[in-house]
Protein chains: 2
Amino acid sequence: MTDEVPRILTVQRAAHSLATPAQRGEAEAWADSPVALPFGPFDPAEHRTLELGLHNWVEQQTGLSLGYVEQLYTFGDRHRDPREQAGGPRLVSVGYLALVRQVPLSGAGEAEWRNWYDFFPWEDWREGRPAIIDQAIRPQLQNWIAQISDQDERQNYQERLSIAFGTEAAPWDFERVLERYELLYEAGMIGEALRDAQIRAAISGEPAPQPDAETVETAERLGTPMALDNRRVLATALGRIRGKLKYRPVVFDLLPPTFTLLQLQRVVEALGGVRLHKQNFRRLVINGGLVEPTGQRDSQSRGRPAELFRFRREVLSERPASGVGLPAARIIG
Amino acid sequence: MTDEVPRILTVQRAAHSLATPAQRGEAEAWADSPVALPFGPFDPAEHRTLELGLHNWVEQQTGLSLGYVEQLYTFGDRHRDPREQAGGPRLVSVGYLALVRQVPLSGAGEAEWRNWYDFFPWEDWREGRPAIIDQAIRPQLQNWIAQISDQDERQNYQERLSIAFGTEAAPWDFERVLERYELLYEAGMIGEALRDAQIRAAISGEPAPQPDAETVETAERLGTPMALDNRRVLATALGRIRGKLKYRPVVFDLLPPTFTLLQLQRVVEALGGVRLHKQNFRRLVINGGLVEPTGQRDSQSRGRPAELFRFRREVLSERPASGVGLPAARIIG
DNA sequence: TTCATATATACTCATATTGAGCATATTTAT
DNA sequence: ATAAATATGCTCAATATGAGTATATATGAA
């Protein structure tokens, strides 16, 4: 986080992952989306666990030491990397989500912090419902679904649309980041979808599809494309972290040891993509025992100085993780 | 589920996973825990996605067609399989959780349905707090922690104990299945821990450790051991499904198309390992729009016949997934 | 010095949700 | 006819949540 911008660490191109220089050259020809998530090969001989491999790799490449680390998902679909179709190896990636305080990068030099919402412009509701949703996303998705010939399939997509993007009756669910991304991809509205169509055509020798101007323009408005399926991985991460925000104290790894409640709130808001009610947020974290006052106050700010708080680790052993999961141990007749 | 018993599908031994007959023979010598989760090698050439590989494999081996499927976790630690230390290949497993209605098994014949709580006797609180917790688990864990020499490490384990098994003040958290299992393993109280110690000694040529009688007896009371780290995988699954119970309608894949509310409640209770308040459960699922009445009634039962309900799919598009995740789309000043 | 503005903090109040129990309805077994 | 078992309906207190009002304490400009 810097100011109120949630950032992700990106590297410049995917080509590093490839084993041989020959493959690398081949990849660069296709790499019209040079922005990628940091990654590295897993070396079974060297790394005792997957997570240690991750730590080592990130430390070495970026100088960062990771705080909270959580395994996200393992991606193994064919054609995640179009080179596979041309006889390349099958790529299976184990994605991790890690939270770090932003620091200057000392790594190989191609790493960069980028605004998370550059990749998902429709996910940031802090300034209100993003206009692009009703201007482009909903109508174009609706059109795309309408022209599906198979009745069952059409109905299925209609339901997915309702679930992912909400309806009049149903609100927007901030955790369904992946569902939204996948719909946009399948509808061919996302940059990666256009790119992958080109690649498939090139490989199979068919003529390259020519998307019309509106399609291209929409794709550009729908954020920065990434290498391979990295944006899907990133969508998974955003959904996951949003899901955890409220019932596991994960955000504290993004804050200094002491902080004001407004700072804390801003981090939560940035990740959640929503504005929260300030007084209620205060009540929640204080009464919930998540933080405790230090007695010191912050001097930097404009108005009345805010008290500095710290995270209360004890909360971990005090209350069950899920605010509303299964009921606490109680036996009822 | 049969009656009120949640069941998992097991196969008879782990040896099938091995590539060559030679390795297989070697494995059988070590396989003193023949109960394993069903599994199979992933064949990149044949399987378009990991999940399709899973479906094919299970269908072919057991005749089951899977309903709800969810990726659990990818396990890649060294020495998940002790053979690795003797130069065997590194094993990385992608675990999946699938829900199916119990049907007769038509597969290779070694598959079997087993009570989930045979492997985690301390997780089933439906008949009250399991006695083993206070008779054996807590005191022996406490002893083990007390004899740790390093101060920081001891304190860390003490905190993990509080979080995993609760304290006077803090209730038992039904979702922390994995944390509990891992503590028991690290403390050497679980069958697999004893087995792995033997294997490590055999490989390194050291004399085999001789656990005392109490240790062996406790391990036996702590449930059936499984091959490799399969019980850890299973613990992950139980924790995951418990976490999802309350805010995603996953249980319906374990029920027939229509069911009584008590049937539904029994399934939730079996997985959660708790008894629930009947009237409140009814209120929850009806008012929550999860189910709708069919107008028909059940005739089998003893007392007043219960109405048959069905799952309301529409609920998926009506309300945000998380009962209490991030707030619904609302912008507040 | 004074006041407008910004921020922090405290408190109120209506509404919704949850935990627990009581009461009634409808069936089967004896 | 009655006891036992189960289903269903309703109440009530406690707690949590959403939204707002009120007060406190700082900065910066007039």
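Atoms considered below: every heavy atom in the structure, side chains included; atoms not considered: hydrogens, waters and symmetry mates. Values in this document were obtained by computation on a predicted structure and should not be read as measured data.
- B:Arg297 has its CZ atom 15 Å from the P atom of C:dA25, to the nearest Å.
- Between the P atom of D:dT8 and the CD1 atom of B:Ile286 lies a distance of 8 Å, rounded to the nearest Å.
- Considering only residues two or more places apart in sequence or on other chains, B:Tyr68 meets the ring-ring contact (aromatic ring centres under 6.0 Å, His included) condition with none of them.
- One can place CZ of A:Phe281 at 17 Å from C1' of D:dA19, the figure rounded to the nearest angstrom.
- Between the CZ atom of B:Arg282 and the P atom of D:dT11 there is a distance of 16 Å, rounded to whole Å.
- Remark: C1' of D:dC10 and CG of B:Asn287 are 12 Å apart, rounded to the nearest angstrom.
- Two residues are said to be in side-chain contact when any heavy atoms from C-beta on lie closer than 4.5 Å; B:Ile286 and B:Phe309 meet this criterion.
- Contact of B:Arg283 with D:dG9 (side chain to base): no donor-acceptor pair of N or O atoms is detected under 3.5 Å.
- Residue B:Arg304 contributes atom CZ, which lies 14 Å from atom P of D:dT6 at whole-angstrom precision.
- No donor-acceptor contact under 3.5 Å links the side chain of B:Gln279 to the base of D:dT11.
- Distances were taken from every side-chain heavy atom of B:Arg302 (C-beta onward) to each of C:dT26, D:dA5, C:dA8; the shortest belongs to D:dA5.
- For the pair B:Gly303 and A:Leu261, nearest-nucleotide mapping onto DNA chain C gives the more 5' position to A:Leu261.
- Counting to the nearest Å, the P atom of D:dA7 and the CD atom of B:Gln296 are 17 Å from each other.
- Counting non-hydrogen atoms under 4.0 angstrom, A:Leu284 reaches the backbone sugars and phosphates but no base.
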- Kindly determine whether A:Phe119 and A:Ile8 satisfy side-chain contact (heavy atoms from CB on, under 4.5 Å), including the steps that lead there. CA-CA 10 Å; A:Phe119 304 94; A:Ile8 60 160; 3.7 Å; yes
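- OP1 and OP2 of C:dT9 both lie 4.0 Å or more from every side-chain N or O belonging to A:Lys278.
- Closest approach of A:Glu307 and A:Gly295 over heavy atoms only: OE2-N, 3.1 Å.
- A:Arg138 pairs by the side-chain hydrogen bond (donor to acceptor under 3.5 Å, both in side chains) definition with nothing, not counting sequence neighbours.
- When each of B:Leu262 and B:Asn280 is assigned the nucleotide of DNA chain D with its nearest heavy atom, B:Leu262 is the one assigned upstream, toward the 5' end.
- Comparing C:dT27, C:dT9, D:dT8 by their closest approach to the side chain of B:Pro305 singles out C:dT27.
- Between the CD atom of B:Gln263 and the P atom of D:dT8 there is a distance of 12 Å, rounded to whole Å.
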